[in-house]
Amino acid sequence: MTAPERTVDALALDLADPQTYVDHDPVWLWREIRDRNPMHWNEPKNGVPGFWAVSRYADVVSVYKDTKNFTSERGNVLSTLLQGHDSAAGKMLAVTDGAHHRAVRNLMLKSFSPRLLDHVAELVRQRTRDLFAGVVGTGQFDFASDVADNIPINTIGDLMDVPQADRQQLVEWNNKTLARHSSEDGEMEEWLARNEILMYFGSLAEQRRRNPGDDVVSALATGLVEGKPLPDDEIVFNCYSLILGADESSRMSSIGAIRALAENPEQWRALKDGDVSIESATEEVLRWTTPAMHFGRRAVADVEIGGATIREGDVVTLWNSSANFDEAVFPGAERFDLARTPNKHLAFGFGPHFCLGAFLGRAHVGAVLGCLRDTVSDIRLPAEPTRLYSNFVYGYSSLPVELVP
Ligand code: HEM
């Protein structure tokens, strides 16, 4: 992209360092890696172990599918994979494999029935319309804090029946645990915030066990898995994963949608004129923004992937943000094209751990696109956005914008 990138060697950058994604355009970074060394070994640095970075679509899919040779139980994102374990392994859906994973996933899916989700999607649209009504035509505002931050937390809050008064606090803890907003935010703060969330859900689950409703916390607190109630720590970890999964990535895709449309006026026109459907536009926004840049696995056997020999015990990271721009699958991948079909992006992952909340993620993005189409004539970006400091979530913690009615 920009001229300075030409002087930088993408293969020498540290893919574990969050600063890499603040300083460099990920589209450029991953194009270089895919073209030059698609099964890239990120060398150990500053005491951090080395790991594989898988960048081609086909190779990423083959690892996602391969539950025989790869496990999620020793972490599924760089931070836990590199420390060698995840304290929630075997207790939280995303870091649990095999029969127990399937059983817990099925229990949670019962709270996500299509009838219930249709109702939730309608609430998302209403809430988004109300938020837009408060900002369209008001001059410059921050789309992140004034709109996006308020949508997903309330959706998952509804599904979990989290009291309204507690929701803002959850967003704040959440922001600290997933993507620190700069290198200055400390690890201790991150750890404390995670504990706050866990304690919060511990007490909520306790209340629901005594007094269950039809929300997902009650389902976890009262349901049976393989004939037995779930232990308290599993209930709490799974609540935690819902809040984390639901909140930040959905926010990032909506914020990214605003930016992408402002920067691609002909696509904005196509959306406004009804030349593309909200469904198709939603998929392209998800591909284009790919909020969860990577997930990962640990190899449990020696295995060959994309011509490279992975050794038992190796950490293997799967870069959705690269696979989603792989020309072999997405012709003209670097073009934002709301009419793109097919569009089998990997923003929600693939295989047995495919995102449990994909329906809700799509509902969030679709609601924002619908409001833009119906209530906004022009999107202006008056100032630079602020990028998140993360090697996992890609997006913006602040996006100054003006939406003209
Ligand atoms: C799993 C992305 C929204 C809950 C995943 C995975 C990805 C992902 C890539 C796969 C993880 C892996 O393979 O290790 C996203 C994106 C979202 C989104 C981009 C929004 C745009 C949501 C929402 C919820 C949610 C709204 C909650 C309702 C989960 C859970 C898992 C998961 C619980 C673990 C599933 C399992 O291990 O079986 N998500 N997600 N996500 N997501 Fe999402």
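Since this is a predicted model, take the numbers as computed values, not measurements. First listed ligand is number 1; within each ligand, the first listed atom is number 1. FYI, the numbering just counts along the sequence from 1.
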A.B. asks: What do you reckon, are the aromatic ring centroids of F325 and W288 less than 6.0 Å apart?
C.D. replies: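 F325 vs W288: aromatic centres under 6.0 Å.
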A.B. asks: Check for a donor-acceptor pair, side chain of S250 on one end and backbone N or O of D247 on the other, with a separation under 3.5 Å.
C.D. replies: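 Not a single qualifying donor-acceptor pair exists.
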A.B. asks: When you look for heavy atoms under 4.0 Å from ligand 1, do you find them on the side chain of Y64, its backbone, both, or neither?
C.D. replies: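 Y64 to ligand 1: side-chain contact only, backbone stays beyond 4.0 Å.
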A.B. asks: So if I count the atoms of ligand 1 from 1 in the order they appear, which ones are less than 4.0 Å from some heavy atom of L360?
C.D. replies: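 Every atom of ligand 1 under 4.0 Å from some heavy atom of L360: 26 (C), 28 (C).
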A.B. asks: Would you mind checking which non-hydrogen protein atom is closest to atom 12 (C) of ligand 1, with the distance to 0.1 Å?
C.D. replies: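 Of every protein heavy atom, R297 NH2, 3.5 Å lies nearest to atom 12 (C) of ligand 1.
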A.B. asks: Indicate yes or no: does an N/O atom of S241 lie under 3.5 Å from an N/O atom of ligand 1?
C.D. replies: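 Not met; the criterion fails.
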A.B. asks: List ligand 1 atoms under 4.0 Å from L93, heavy atoms only on the residue side.
C.D. replies: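 It comes down to these atoms of ligand 1: 35 (C), 36 (C), 37 (O), 38 (O).
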A.B. asks: Among protein heavy atoms, which lies nearest atom 27 (C) of ligand 1, and at what distance?
C.D. replies: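 Among all protein heavy atoms, the one nearest atom 27 (C) of ligand 1 is A246 CB, 3.6 Å.
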A.B. asks: Any ion pair linking R31 and D35 (charged N to carboxylate O, less than 4.0 Å)?
C.D. replies: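 Salt bridge flag = no for R31 with D35.
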A.B. asks: Would you mind checking which non-hydrogen protein atom is closest to atom 40 (N) of ligand 1, with the distance to 0.1 Å?
C.D. replies: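 Answer, as residue, atom name and distance: C355 SG, 3.0 Å.
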A.B. asks: I'd like to know if R362 and E283 make a salt bridge, using a cut-off of under 4.0 Å between side-chain N and carboxylate O.
C.D. replies: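 Yes.
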A.B. asks: Should the proximity of M252 to ligand 1, defined as any heavy atom under 4.0 Å, be assigned to the side chain, the backbone, both, or neither?
C.D. replies: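 It is neither part, as no heavy atom is under 4.0 Å.
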A.B. asks: Using a 4.0 Å cut-off to any heavy atom of S253, which atoms of ligand 1 qualify?
C.D. replies: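 Result: 21 (C).
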A.B. asks: How are the rings of Y396 and Y394 set relative to one another: parallel (under 30°), tilted (30 to 60°) or perpendicular (over 60°)?
C.D. replies: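 Perpendicular, since the angle between the ring planes exceeds 60°.
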A.B. asks: Of the protein's non-hydrogen atoms, which lies at the shortest distance from atom 34 (C) of ligand 1, and what is that distance?
C.D. replies: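 Protein heavy atom with the smallest distance to atom 34 (C) of ligand 1: A94 CB, 3.8 Å.
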A.B. asks: Tell me, which protein residue and heavy-atom name are nearest atom 19 (C) of ligand 1, and how many Å apart are they?
C.D. replies: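 The closest one turns out to be A347 O, 3.4 Å.
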A.B. asks: Looking at residues at least two apart in the chain, or sitting in another chain, which of them share a salt bridge (Lys or Arg N to Asp or Glu O under 4.0 Å) with R56?
C.D. replies: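 By the salt bridge (Lys or Arg N to Asp or Glu O under 4.0 Å) rule, R56 matches D59.
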A.B. asks: Which atoms of ligand 1 have any heavy atom of I156 under 4.0 Å away?
C.D. replies: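 Heavy-atom distances to I156 below 4.0 Å select 28 (C).
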A.B. asks: Examine the proximity of ligand 1 to L286 and report which part, side chain or backbone, both or neither, has a heavy atom under 4.0 Å away.
C.D. replies: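 Just the side chain.
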A.B. asks: Tell me the protein heavy atom at minimum distance from atom 31 (C) of ligand 1, and give that distance in Å.
C.D. replies: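 Of the protein heavy atoms, L356 N, 4.0 Å lies nearest.
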A.B. asks: Regarding R287 and the six-membered ring of F330, is the cationic atom NZ or CZ under 6.0 Å from the ring centre and inside 45° of its axis?
C.D. replies: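 R287 over F330 ring: yes.
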A.B. asks: When you look for heavy atoms under 4.0 Å from ligand 1, do you find them on the side chain of F295, its backbone, both, or neither?
C.D. replies: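 Answer for F295: side chain.
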A.B. asks: Okay, side chain of R297, backbone of G75: is any donor-acceptor separation there less than 3.5 Å?
C.D. replies: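 Judged by distance alone, no pair lies under 3.5 Å.
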A.B. asks: For ligand 1, which atoms have a heavy atom of R105 less than 4.0 angstrom away?
C.D. replies: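 In order of number, 35 (C), 36 (C), 38 (O).
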A.B. asks: Of all the heavy-atom pairs spanning L346 and A323, show the shortest one and how long it is.
C.D. replies: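 That would be CD1-CB, 3.7 Å.
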A.B. asks: Quick check against the 3.5 Å criterion: does D314 have a side-chain atom that pairs as donor or acceptor with the backbone of I310?
C.D. replies: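 A pair under 3.5 Å: no.
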A.B. asks: Check this for me, if you would: do R74 and D86 make a salt bridge, where the nitrogen-to-carboxylate-oxygen distance has to be below 4.0 angstrom?
C.D. replies: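 Answer for the salt bridge query: no.
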A.B. asks: Identify, by atom number and element, the atoms of ligand 1 in contact range of H101, meaning under 4.0 Å from any of its heavy atoms.
C.D. replies: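 Matching atoms, with element in brackets: 36 (C), 37 (O), 38 (O).
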A.B. asks: Less than 6.0 angstrom separating the ring centers of Y64 and H353, yes or no?
C.D. replies: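 Centroid distance Y64-H353: not below 6.0 Å, so no.
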A.B. asks: For atom 22 (C) of ligand 1, grab the closest protein heavy atom and report residue, atom and distance to one decimal in Å.
C.D. replies: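 Protein heavy atom at minimum distance: G245 O, 3.2 Å.
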A.B. asks: Looking only at non-hydrogen atoms, which of P352, G349, G357 approaches atom 4 (C) of ligand 1 most closely?
C.D. replies: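 It is G357 whose heavy atom sits nearest to atom 4 (C) of ligand 1.
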A.B. asks: For atom 37 (O) of ligand 1, which protein heavy atom lies nearest, and how many Å away is it?
C.D. replies: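 In this structure, atom 37 (O) of ligand 1 has H353 ND1, 2.5 Å as its nearest protein heavy atom.
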